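Worth knowing before you read on, the calculation uses all heavy atoms, side chains too, and leaves out hydrogens, waters and symmetry mates. Within every chain, numbering begins at 1; the chains are lettered A, B, ... in the order of the sequence lines, protein sequences first and strands thereafter. Remember, it's a predicted structure, so these values are computed and weren't measured experimentally.
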Protein chains: 2
Amino acid sequence: MKFEAVTIKDIAKALGLSTSTVSRALRDSHEISAETKQLVLECAEKLNYRPNPIALSLKEKRSRSIGVVVCEIANTFFSQVINGIESIAYDRGYNVIVSQSRESYEREVIDLQFLASRSVDGVIISLSTETTDLTHIKALHARGMPIVLFDRIHDDIDTHKVIVDNYRGAYDATEHFIKQGFKRIAALAGSEFLSITAERLAGYHDALKAHNISYSKEYVQHCFYGGMVFSEVEEAMNKLLTLKQKPDAVITTSDKLTTGCVKTLKRRGLDIPKDMALIGFSNSDIAELVDPPLTVIRQPAEEMGRAATELLLQLVESKRPVKDFEKRVLTPELLIRGSAIKS
Amino acid sequence: MKFEAVTIKDIAKALGLSTSTVSRALRDSHEISAETKQLVLECAEKLNYRPNPIALSLKEKRSRSIGVVVCEIANTFFSQVINGIESIAYDRGYNVIVSQSRESYEREVIDLQFLASRSVDGVIISLSTETTDLTHIKALHARGMPIVLFDRIHDDIDTHKVIVDNYRGAYDATEHFIKQGFKRIAALAGSEFLSITAERLAGYHDALKAHNISYSKEYVQHCFYGGMVFSEVEEAMNKLLTLKQKPDAVITTSDKLTTGCVKTLKRRGLDIPKDMALIGFSNSDIAELVDPPLTVIRQPAEEMGRAATELLLQLVESKRPVKDFEKRVLTPELLIRGSAIKS
DNA sequence: ATGAAAGCGCTAACAG
DNA sequence: CTGTTAGCGCTTTCAT
């Protein structure tokens, strides 16, 4: 059941005018007399008239809403990004429709289809961990849907992108370890197919190289679902902890991995940083309260959301097809705390 | 710029049929011959036809989308609730439009108007801390908009509600303190006008009463913005810490207050639980990693979101006006950890 | 079994 | 300055 809304027709009827006159009066057209406008406005006010945006959308072929696809809403990083997205969208009069892929390729495809079929004006997306085939995105993009990628991006899609300097973040973290005197630095990373994983591991590798520290392959462990499945983290940590040359420090490349790693170490009664030091990508507000306070690489998540939305709306509202796409790279912050201090 | 979608008209033209026939064939009407159906379906497939939901919405006066208003998306509790909402909405073919009031009454009003004007089929809302006047919600509800309240609810609005047993949660927490031997138990609460504050403080008071523990008014401090503004928390804590009879334990009634309280205590170099024990409402996934591990009252946030959505869709899809409203009360969980153990 | 036409709410080209 | 008309994409009588 739904309430009957007041339409332009009702006003026209009440005033003995035509709908077009009312429409024009409402839109403050110059070809309407001041008195008529006055009359219409008053009547609209009295009847509590609200324009029907759906009718408008049908005409204008735009819905003033944007879609967002993330792997998980209840994740500090992504919820902060969505916060940023919402704030800009709100300012510009757009609605934000959120959906989550739950790291499933299949769901990402469906989500995107769903959003497209619901006539969102554009989409902001961070790829799911399972996504290797990009045809669903390319197809949508080719059909003219404005798309902005953030965080987990892909070079094959030619559009605006927003990321942080993942390489730098990981490089600095690794270097911090090295300067602290850690020798055997491991990495607990997400799926190898994810852009962020590649970028972060590249930073890690290069920092080691730059300081002439050799690293063995076993020092890099991947969790395909990036910590969504806890057992995955435990298993990966198990591998690291049972190496002959046990690492003395570890870099974790995502929020979930970071907390998963801390949990695992604690459950095993290991001391951070004595048994293993830790620096993790994390946007948790309470990383500093953890025992020990966590050294984190923090992303300007809200700002990423805002930037992505601004770029998207730029595409959406552009009159002519945009050719030049921008890759905006924000700077992550290395917040040094107890978990990465050599004892 | 926007891509041109294939319409029913295109199919009709391609097949030399009328739009009505195509429409009927697509909807598998019995008054269409099998061959025609076949033809239409194939053509639709070939042209990659997608029904335009906006046109449908205009006709059916429903949009298959629901609106959500929370004070802040980037808050563990609310993001978990939204996760739950999204999961059910997804299953039932609805989109979720999120907006945040940022604890502002004004924004809540605008958000709600915006959602209503965008023809959402229903709204799930948790009141902002500033909200005392409910006319915006009542008006919308009176006009027939299905509404479900959760978390911060209000008795004056007669509709479905989903909360946890806040009284019980606070009661149990307080009693836990008492049984541990804490004598001077304070409370750091949100705005007094919030239902959750009232309910939680009632549990706190009653537990004290039941154990014949007197309490002074000064033991209850309110932060109007519930920890959104950190200085507010510091100030409130300051008041507690400078009392002659300094409390030896404190209950915090929301996520933000809990972390704010821990931060304040740590910054002052105070020991938890020795100088002050703590139990807080919190849905953080890493409360157990904090130093000391936080004793928390955890709400089944995702389940709350799911329940709210189920109730909302029940209203949305009901043929006749619903009269009997349900208040679903879920059970919070008291997770006992180091922060509330008497040393 | 199929088509013509009206209508959902709104705008805009075209007439006066 | 205002009204008439057509049309956005789709469904649904009402004819045929």
**Asked** What's the closest nucleotide to the A/Thr7 side chain, out of C/dC8, D/dT11, C/dC10?
**Response** C/dC10
**Request:** Specify the separation, in whole Å, of atom CG of A/Asp28 and atom P of D/dC1.
**Result:** 13 Å
**Asked** Nearest of D/dC8, C/dA1, D/dT11 to any side-chain atom of B/Lys59?
**Response** D/dT11
**Asked** Between the base of C/dG3 and the side chain of B/Arg24, is there any donor-acceptor pair under 3.5 Å?
**Response** yes
**Message:** Is it the case that the base of D/dT4 and the side chain of A/Ser20 share a donor-acceptor contact (distance under 3.5 Å, atom types as modelled)?
**Reply:** yes
**Message:** If the cut-off is 4.0 Å, is A/Lys37 near the phosphate of D/dC1, judged by side-chain N/O to OP1 or OP2?
**Reply:** no
**Item:** Rounded interatomic separation in angstrom, taking CG from A/Asp10 and C1' from C/dC8
**Value:** 13 Å
**Message:** C/dG7, OP1 or OP2 - any side-chain N/O from A/Lys9 closer than 4.0 Å?
**Reply:** no
**Item:** Integer-rounded Å distance: C/dA12 P and A/His30 NE2
**Value:** 12 Å
**Request:** Please determine, for the side chain of A/Ser18, which listed nucleotide (D/dG3, C/dG9, D/dG9) has the closest atom?
**Result:** D/dG3
**Item:** Pair A/Glu310, A/Gln314: side-chain N/O donor-acceptor within cut-off below 3.5 Å
**Value:** no
**Asked** D/dG9 C1' sits how many Å from B/Ile11 CD1, rounded?
**Response** 12 Å
**Distance, rounded to the nearest Å, where B/Asn52 contributes CG and D/dT11 contributes C1'** = 13 Å
**Distance below 4.0 Å between B/Thr36 side-chain N/O and C/dT2 OP1 or OP2** = yes
**Asked** If you find the nucleotide of DNA chain D closest to B/Ala55 and the one closest to B/Glu31, which residue's nucleotide is nearer the 5' end?
**Response** B/Ala55
**Pairwise side-chain contact, B/Lys327 with B/Ile153, heavy-atom cut-off 4.5 Å (strictly under)** = yes
**Complete:** When rounded to whole Å, the CG to P distance for the pair B/Leu39 and C/dA1 reads 16 Å
**Message:** Any base atoms under 4.0 Å from B/Ser33, or only sugar-phosphate, or nothing? Heavy atoms, all strands.
**Reply:** sugar-phosphate
**Request:** Mind checking B/Ser57 for me? I need base, sugar-phosphate or nothing, with any heavy atom below 4.0 Å counting as a touch.
**Result:** nothing
**Asked** Ignoring hydrogens and geometry, is there a side-chain-to-backbone donor-acceptor pair from B/Glu108 to B/Ser128 under 3.5 Å?
**Response** yes
**Asked** Expressed in angstrom and rounded to an integer, what is the separation of B/Glu35 atom CD from C/dT2 atom P?
**Response** 7 Å
**Message:** Nearest to the B/Leu58 side chain among C/dT11, D/dG9, C/dC10, which nucleotide is it?
**Reply:** D/dG9
**Message:** From NZ of B/Lys61 over to P of D/dC10, roughly how many Å is that when rounded to an integer?
**Reply:** 17 Å
**Item:** B/Arg64 backbone acceptor or donor facing A/Arg118 side chain under 3.5 Å
**Value:** yes
**Prompt:** Taking B/Ile11 as the fixed residue, which of B/Leu41, B/Thr19, B/Val22, B/Thr21 is the one that meets the side-chain contact (heavy atoms from CB on, under 4.5 Å) rule?
**Reply:** B/Val22
**Message:** Which label fits A/Phe78 and A/Phe150: parallel for a plane angle under 30°, tilted from 30 to 60°, or perpendicular past 60°?
**Reply:** perpendicular
**Prompt:** Base, sugar-phosphate, or nothing for B/Ile54, non-hydrogen atoms under 4.0 angstrom?
**Reply:** nothing
**Request:** Name the closest nucleotide to the A/Leu17 side chain, picking from D/dC1, D/dG3, C/dT2.
**Result:** D/dG3
